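Presented below is the structure to which this report refers.
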There are 2 protein chains.
Amino acid sequence: MRGLGEGLVQKPLTVAEQVANVLRESIADGSLAAGTPLRQDDLAERFGFSRMPVRDALRQLEAEGIVSIHPTKGAHVARMDTTEIREIFAVRELLESEALRLSVPNLTREKLDEAGHVLNQIDAEPNVGRWGTLNRVFHLALYSACGNARLLGLIEAHHNAADRYVRVLLSNLNYRSQSQEEHRDLLTTCRHRDAAAAVRVLRKHLGDGMATLAQAGPARKP
Amino acid sequence: MRGLGEGLVQKPLTVAEQVANVLRESIADGSLAAGTPLRQDDLAERFGFSRMPVRDALRQLEAEGIVSIHPTKGAHVARMDTTEIREIFAVRELLESEALRLSVPNLTREKLDEAGHVLNQIDAEPNVGRWGTLNRVFHLALYSACGNARLLGLIEAHHNAADRYVRVLLSNLNYRSQSQEEHRDLLTTCRHRDAAAAVRVLRKHLGDGMATLAQAGPARKP
DNA sequence: ATGTGGATTCTCGTATACGAGTGTACAGAA
DNA sequence: TTCTGTACACTCGTATACGAGAATCCACAT
C-alpha cells in the first residue's frame, strides 16, 4: 500500500520510485494492457537504468496489486477477472462510504470548492487520459476530512488498482455524463452536510460503475 | 499488501521471502522493538545472504506497513503512535465487521468447529508468543466465508501491522481471559447465525482492545 | 505425422562492486 | 569552554556479473 504512514517528510526521489510512477501511469492509461509481461531487462534498457531499480519498482507495484510477480517466471500486469473487479468495488464501497460519512461534517468550504473546481475541470478536459486522475482527485477531496490517514491510503491504493477499468468506463461518453451528474449530486449533498444522503449517492455511483463494468465483462482470466 | 491476489499457485520460496517471514515474526513477537534500525549489512550478515534479498524483504515489509524506509537513511521498525493505532483499529473494525456480516450466513459447521478448536488451543497454550498467531487464525476462520478474497487480504495485513501491540495486550492475563470470553460469545452468535449480534460482539471486542491499548499508551513518537 | 528427448536460450535471483549522500567526530578558532 | 568547519566513516542506491531454473525449439525416433 503506497503512502500509508509516510507523513509529510519529503524523501529523496529514488530512481525506483520514478520507474514505478511511470509504470503505474502506463498501466492506468492502458498503454500496458493486462497480462503484458514486464521483463526486467527490457524495462531497464527502455528507462536507461539497470535492472535493480526496476526490480524495486516492480515489487512496489506488486504490493499495490497492479502487477503480479512469480519468482523465476517474472512479472506481468495483473489480470483481473470480473469477480476480482467486483471484490475491489465492494471494498471501495465499504471504505469510501465510511470515509465520506466521517468526512462530511468536517469538510471545509475550501475543500468543497476545490472539489467543485475539479468537476468543472473534468467537463472541460478533452484529454481522456486525465479524466481518471481528476476523478480520483475529486473523490479524495471529499474524503480528505475523514481524519484517518490510513483509510485514505487504502482508498487511494484501490483507486489505483481499479483505475484501468474505470478509465474504460469514463471513455464512454454516456457514462461520463451520468457520472458527472452523480458527482454533482454528491457534492450538493456534502454541501448540505447530509452525510447519509451523500453516502447513498456514493453507493449508487459506485454500484452503477461496477454494474456497467461487470456487464461489459472487459477482463477475463485466460 | 501480502497475499492479495496470489491465488493458490504455489510459488518457489525465494530467499527474500524467507527473510521477510523471519523479520515479520521477530517484529511481531517483540524481539525487534519499534524504532529499531534495520541495517541491510547487518541483516545480510546475520542471515548469511547478500544485501539484495534483504532489500527485497524490507521493501515487502514496508508495503505491509511494518517497517518504514527512508531513501539514503535506511529502514527501521515502524513506530506507531496512539493515533496510528487508533486508525488501524478503526479500519479493522470497519473491515472485519463487514467480513463477519458477509461470512456468518455461509459459515460451514467445519469452520465453526475449527474456530472453536483454536479457542481451546489458546486456553491450553502456555507459550505467549503463539497467542498472537492463534488469535489471528481464530478471527480469520470466522471471516473466511465472506466471499471476498481481497477483503480477507486486507484484514490479514492489518492484523500483521497491529500484531505487536495486540500481543502486548494478550500477555496481560486479565485481558486474555476477557478476550477469550468475548471470543466464545462471538463463536456462539455465529453458531446461531445471528450476524447482527456477532458484529456487535466483534465491535465491542475490538473497541475494548483499542481502548486498553490507547490507555496504556505503549508507543509514542519520539 | 506426432510425440519425446535434449540442448540452447532466455529470464530471473543473488552476489559483488562502486559511487554518492549523510551523519559524526575531532580539531581549531573565537 | 563552546562553536564551527572539515574530514572520515557509514549506509544506502545503483551498476555489473554470475549461476540456476524454466521455457522453447529442433531433431530424432516411433
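Excluded from the calculations below are hydrogen atoms, water molecules and symmetry mates; all remaining heavy atoms, backbone and side chain alike, are included. Keep in mind it's a predicted model, so treat the numbers as computed, not measured. Lettering of chains follows the sequences in order, A, B, ..., and the numbering in each one begins at 1.
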Exercise. Please report the C-alpha distance between A:R130 and A:N127 in whole Å, then the side-chain angles of each, then the deciding distance to 0.1 Å, and finally whether the side chain to side chain donor-acceptor pair (under 3.5 Å) criterion is met.
Key: CA-CA 6 Å; A:R130 289 209 156 177; A:N127 182 356; over 6 Å; no
Quiz item: For every nucleotide of nucleotides 11-20 of chain D, 5' to 3': is a protein heavy atom under 4.0 Å from its base (B), only from its sugar-phosphate (S), or from neither (-)?
Solution: SBBBBBB---
All N/O donor-acceptor pairs, side-chain side in residues 42-53 of chain B, below 3.5 Å, sequence neighbours left out:
{"unit_1": "B:S50", "atom_1": "OG", "unit_2": "B:M52", "atom_2": "N", "d": "3.3"}
{"unit_1": "B:R51", "atom_1": "NE", "unit_2": "B:Q40", "atom_2": "OE1", "d": "3.1"}
{"unit_1": "B:R51", "atom_1": "NH2", "unit_2": "B:Q40", "atom_2": "OE1", "d": "3.2"}

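By the side-chain contact (heavy atoms from CB on, under 4.5 Å) test, A:L119 pairs with A:I122, A:F138, A:Q180, A:H183, A:R184, A:L187, sequence neighbours left out. For A:H76, there are no ring-ring contact (aromatic ring centres under 6.0 Å, His included) partners two or more places apart in sequence or in a different chain.
Rotation axes derived from the C1' atoms of the five outermost pairs at either end of the helix from C:dA1-D:dT30 to C:dA30-D:dT1 lie 10° apart, to the nearest 10°.
Across all their heavy atoms, A:P71 and B:T14 have their closest contact at CG-CG2, 4.1 Å. In plain terms, the two heavy atoms of A:L142 and A:A115 that are nearest each other are CD2-CB, 3.9 Å.
Pairs engaging residues 25-34 of chain A under the side-chain hydrogen bond (donor to acceptor under 3.5 Å, both in side chains) rule: A:E25-A:R167, A:D29-A:S31 [sequence neighbours left out].
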